[in-house]
Amino acid sequence: MSVATQTLKKFVNAPEDVVKESLAGLAAAHPDLVRVDFDNQVVLRKDAPVAGKVGLVSGGGSGHEPLHGGFVGRGMLDAACPGEIFTSPVPDQMLAATKAVDGGAGVLHIVKNYTGDVMNFQLAAELADDDGVAVESVLTNDDVAVEDSLWTAGRRGVGVTVIVEKLAGAKAEAGGSLEEVATVARRVNERGRSLGVALTSCVTPSAGAPTFEIGADEMEFGVGIHGEPGRRREKLKPASEIVAEMTEAILADLSPAAGATLLAFVNGLGGTPLIELYVVYNELAKQLAERGLTVARNLVGNYITSLEMAGVSITLVELDDELTTLWDAPVHTPALRWGA
Amino acid sequence: MSVATQTLKKFVNAPEDVVKESLAGLAAAHPDLVRVDFDNQVVLRKDAPVAGKVGLVSGGGSGHEPLHGGFVGRGMLDAACPGEIFTSPVPDQMLAATKAVDGGAGVLHIVKNYTGDVMNFQLAAELADDDGVAVESVLTNDDVAVEDSLWTAGRRGVGVTVIVEKLAGAKAEAGGSLEEVATVARRVNERGRSLGVALTSCVTPSAGAPTFEIGADEMEFGVGIHGEPGRRREKLKPASEIVAEMTEAILADLSPAAGATLLAFVNGLGGTPLIELYVVYNELAKQLAERGLTVARNLVGNYITSLEMAGVSITLVELDDELTTLWDAPVHTPALRWGA
Amino acid sequence: MGGLTRVDSATMARWLEGSAVAMREQRDYLTQLDAAIGDADHGTNMDRGFASVVTKLEELDDSTPPGKLLVAAGSTLVSTVGGASGPLWGTALRRAGRSIGDGESFDGAALATALEAALDGVVKLGAARPGDKTMVDALEPAVRALRERVDGGASAADALVAAREAAEDGMHATVPLQASKGRASYLGERSIGHQDPGATSTVFILRALEQAVRERP
Amino acid sequence: MGGLTRVDSATMARWLEGSAVAMREQRDYLTQLDAAIGDADHGTNMDRGFASVVTKLEELDDSTPPGKLLVAAGSTLVSTVGGASGPLWGTALRRAGRSIGDGESFDGAALATALEAALDGVVKLGAARPGDKTMVDALEPAVRALRERVDGGASAADALVAAREAAEDGMHATVPLQASKGRASYLGERSIGHQDPGATSTVFILRALEQAVRERP
Ligand SMILES: Nc1ncnc2c1ncn2[C@@H]1O[C@H](COP(=O)(O)OP(=O)(O)O)[C@@H](O)[C@H]1O
Ligand SMILES: Nc1ncnc2c1ncn2[C@@H]1O[C@H](COP(=O)(O)OP(=O)(O)O)[C@@H](O)[C@H]1O
Ligand SMILES: [Mg+2]
Ligand SMILES: [Mg+2]
Ligand SMILES: [Mg+2]
Ligand SMILES: [Mg+2]
């Protein structure tokens, strides 16, 4: 399985150094926004801790860039803890991040629902508590591809995580208390659902081979952001049909109010060109309009990826006035920026 | 060669509709920024024409998104003319765009140096002249992979085009005259050089198969954004060596002044994950620092792509005070946004 | 028949329709040639353009004189093809049409003059010389052969056989050339050994002209 | 020897070093198992963690009592592995170490109690029950077998043979199971037919323990 560097179709040096070297690049490119604590492998907002502001810490395996490091900055995250590729970070990183961003108002952990992430963040929260930092945790679990049940690990956290980070970040920037910020984050997660479709597999630098095999005319409906299998493997279809099925599955689960106002997020998984993402957005806009739903805000691009996987995910969040205002609030991070 | 839709690993309906449908998606996602004239297949700044402002029109084959449609908006382009995938648009589009954005101060055509683009824009400029619109044209030809000679089609226009559009757009927004805006554009092109490397080929929707074959351990050094071959085919190397060779080739041609101040632009060709683009940026920053060059501004991301090609291009532009100020000026387009 | 052959609108319409059929049939072949040394779109470009020309012809009055018809066809190519071949073939047909003028029909000599005007337009716009591995390598010898035969008293139909043969020779002769114009020039030496797509489509177009003139009812 | 077998720091160090060797050797195999029903990182995770443990051991005093040694190893796993296996195995070793206390050596019964504490920690943290297709399916029967044999008067070394065999049976028994915990649970029915990577690495770790105790000088 181990493959020599030069046959990896990637711009890397030693595969085991890719995360660190990429963080060095991020730090070099955005010294005005972030600083990287290389000892603890943590990306910090440049001016952290911000006194009196709730600190937002997220993290997870690498390979989903710009998530999370690209979302560190004003109006979004205070720190990101990148693990190895597709591997949850360790509690030491989370603890270091938590202490570094605590401005006295407590810290929110934004955790995607994967067994590893949950356990590591839990250990970190306990350690932070020992150190006297007030920590709240919010779990994102928006992937409708996975059946939710008490007896399983439950749903995966995917696209809604980006939206939670933006909206909770805006709430914290606006001076919200730890409880208020956590409440916004939980509300967004409750009001958001996602589904992904893959046309090709990703290739992790350490494995050097596709994570899964997929036929030339097949797609994985309901894929996870680590290449986890979804609801079913099926024949590729025209974009209009794929998007109709995705929309159907998401709305069936979300059950938005009649005439609800949505945020529509079309996310590329890494290897799908933007021209196709807009084809997908076009279909999605039609599907939602036909159902009498209003798209008040949208986001189209690669924001939570799975390395070079060709694929797309759709996230729908039911907005309300507060969430809409928080979405519009200024944000200034390497990957998301407006009003600043 | 013609391939049924369902075996194309793409989110498309009929391959021949992909450009139109993608434009419909762009229009639906950004109604605050752009409007699309579907009859003429032109993306227009929403408030075009802006009275008294020089209008900027660019265009070229589709498949390089966000270039050019994603750069229409305040502080950048007034119109983009998207052709079919990898095929220059036709003069009718350019003429319609030119007339639609003429606010009385004349129109600048930004043209990448490809035979088709050059000829079609030239015909359009003649037609616009017949209609009494003052048109200047600027050619970008920054690709050092191609030998420049009077007896060939010359260098290809690639990454510097994005920077020309930003800086000339800022100059126009600041009230520059047609001549002044054209001068900025030409200066940027003269002071900028690029080089691209591909690890995999793109697949055009109409061909349905890779544009070129490439071995599992090979890379194309000097690739063009349509999959045109480059200087040489060689064995894949660690990122540090690839970037060193790219930097060397660009600087040998650019010959910046000792201690020059640069804008460094690391561009993904579509299928390379952001984590690798930052690895490349890290190497580039090291290379430039070793040579005593200062990177004053940078841009890292997918801005001028070649569909889903795995690859990266580097563009270096020697800045001066005016260009730096123009770079920092507000821009608000679907794909590039700051200060607004 | 000799120099008395006269060409009219119906002939020109058959030419353009025949070209459209050829472009549709040869689309994938032309695109494959373009994939080797260009960007894999020449077949779709030419097919899209000539299909639009056929649509355009249907809109035109039956009484449209042949010169006007060619100008309209050229404009349609300019407006629908894009790339390098759109302006080049569009200009070629527009120039040919203007050279023919407003008459209802014209003879072989006028045809030769029209194609010379077409070639001149292509060269003025694209600046390619023979040997640059472009459509000029097929068009230039064809035009020269046409002029020679017509001046020598051959019928338009016979002269066009020679023209088409010269184009074919020119097309084959592009294979060993290194391109110095168009997209293929980026390949440098790696363009050697491939047949130029534009020279190839030029042969198909001249073949359609030869047939249209021969089939004159 | 019977119940008189005593285990000391050197034994524990050999166990951890043996585990590290096994993880390095089996890294690609474990990753392949994880690629089938997870995210293709279990081998690299465990290898990275146990390699760090070996480095940690070198830093520790020779006089460190076995319980402290296990706690330090567990903390190292927590700090270097990540994923699901880091907290789980880290907690397991920390709990085992704390159960052993500060003594210089301990007997088979204390070993059984320590592994029960380890299992308890895993279950408390991960909430997996036997049959969920996780490492618990190997660890739980192993701990049970160890306790039974030790209580029956077997030596620690002999009891560990039975424990390792029980773990192997448990590991094989994961193949037909449908996962309901961890990443593999996302596959639903498609997880059936694959051996759980965590149960597999558990077998390697217990095998290393068996060898370390048997080889006691
Ligand atoms: N400067 C030129 N003069 C004449 N013919 C040219 C020139 N440049 C390109 N061509 C012709 O155009 C053909 C390519 O056409 P096409 O593929 O449709 O356009 P593009 O190169 O823009 O993709 C080439 O094979 C060549 O014959
Ligand atoms: N809740 C759990 N309880 C016990 N073991 C678990 C649990 N979740 C996962 N595991 C074990 O962890 C193994 C996967 O570990 P690893 O691949 O290192 O982590 P991750 O799943 O985070 O990538 C699984 O094979 C399983 O044995
Ligand atoms: Mg993992
Ligand atoms: Mg083209
Ligand atoms: Mg072409
Ligand atoms: Mg795993």
Side-chain angles (χ1 to χ4, degrees), chain B residues 1-2 15-16 59-61 63 81 83-93 95 114-124 127 143 145-147 149-156 201-204 206-213 222-233 306, chain C residues 24 26-49 52 75-91 94 122 124-129 131-134 178-191 198:
Chain B
M1 282 270 294
S2 76
E16 56 271 23
C81 306
E84 292 304 309
I85 302 279
F86 291 176
T87 300
S88 144
V90 300
D92 307 47
Q93 291 172 269
L95 180 63
Y114 298 96
T115 307
D117 296 68
V118 171
M119 292 191 298
N120 283 288
F121 264 105
Q122 184 181 320
L123 294 181
L127 296 171
D143 190 344
V146 177
E147 239 188 300
S149 141
L150 264 184
W151 308 115
T152 68
R155 282 180 165 152
R156 300 178 288 227
S201 172
C202 49
V203 176
T204 64
S206 63
T211 300
F212 58 88
E213 296 297 329
V223 75
I225 55 171
H226 312 87
E228 304 100 318
R231 283 191 179 179
R232 56 180 182 269
R233 179 67 61 90
S306 184
Chain C
R24 173 63 46 95
Q26 305 292 339
R27 183 180 62 185
D28 293 348
Y29 171 57
L30 292 171
T31 293
Q32 269 166 9
L33 290 177
D34 198 28
I37 55 170
D39 59 351
D41 64 357
H42 187 60
T44 36
N45 286 349
M46 297 298 279
D47 176 35
R48 182 174 61 247
S52 303
S75 300
T76 302
L77 289 182
V78 169
S79 298
T80 56
V81 176
S85 43
L88 289 169
W89 268 110
T91 300
R94 284 173 52 87
V122 167
K124 283 233 170 72
L125 188 60
R129 298 158 309 170
D132 283 353
K133 194 171 185 127
T134 71
Q178 174 171 339
S180 49
K181 279 285 177 291
R183 217 171 270 283
S185 69
Y186 305 138
L187 276 82
E189 292 183 353
R190 287 159 76 182
S191 65

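Numbers restart at 1 for each chain; the letters A, B, ... are given by sequence-line order, proteins then strands.
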- Message: Checking C:Ser52 now: which residues fulfil side chain to side chain donor-acceptor pair (under 3.5 Å) with it, not counting sequence neighbours?
- Response: none
- Task: Give me the one residue out of B:Leu127, B:Val90, B:Leu123 that meets side chain to side chain contact (heavy atoms under 4.5 Å, CB included) with C:Val78.
- Result: B:Leu123
- Minimum heavy-atom separation for B:Asn120 to C:Gly83, with atom names? ND2-O, 2.8 Å
- Of the backbone (N, CA, C, O) and the side chain (C-beta and beyond), which part of B:Pro229 lies under 4.5 Å from a heavy atom of chain C, both, or neither? both
- Item | Sub-4.5 Å side-chain heavy-atom contact between C:Arg48 and B:Glu16 | no
- Note on the structure: Note: vs chain C, highest number of non-hydrogen pairs under 4.5 angstrom among B:Arg156, B:Arg231, B:His226 is B:Arg156
- Item | Top contributor to chain C interface from B:Thr204, B:Thr115, B:Ile85, B:Thr87 [non-hydrogen pairs under 4.5 Å] | B:Thr87
- Task: Below 4.5 Å from any heavy atom of chain B, which atoms of C:Ser180 appear? Answer side chain, backbone, both or neither.
- Result: both
- Message: I need the B:Arg155 CZ to C:Ser185 OG distance, nearest 0.5 Å.
- Response: 13.0 Å
- Note on the structure: Residues C:Ala84 and B:Met119: closest non-hydrogen pair is O-CE, 3.2 Å
- Task: Let me know if B:Gln122 has heavy atoms under 4.5 Å from chain C in its side chain, its backbone, both or neither.
- Result: side chain
- Item | Engaged part of B:Glu84 at the chain C interface, taking heavy atoms whose separation is under 4.5 Å | side chain
- Task: With sequence neighbours excluded, tell me which residues meet ring-ring contact (aromatic ring centres under 6.0 Å, His included) with C:Tyr186.
- Result: none
- To the nearest 0.5 Å, atom CZ of C:Arg190 lies from atom CZ of B:Arg232 at 11.0 Å
- Message: Between C:Ser191 and chain B, with a heavy-atom cut-off of 4.5 Å, which part of the residue counts as in contact: side chain, backbone, both or neither?
- Response: neither
- Drop me the distance from C:Asp39's CG to B:Phe86's CZ, to the nearest 0.5 angstrom. 8.0 Å
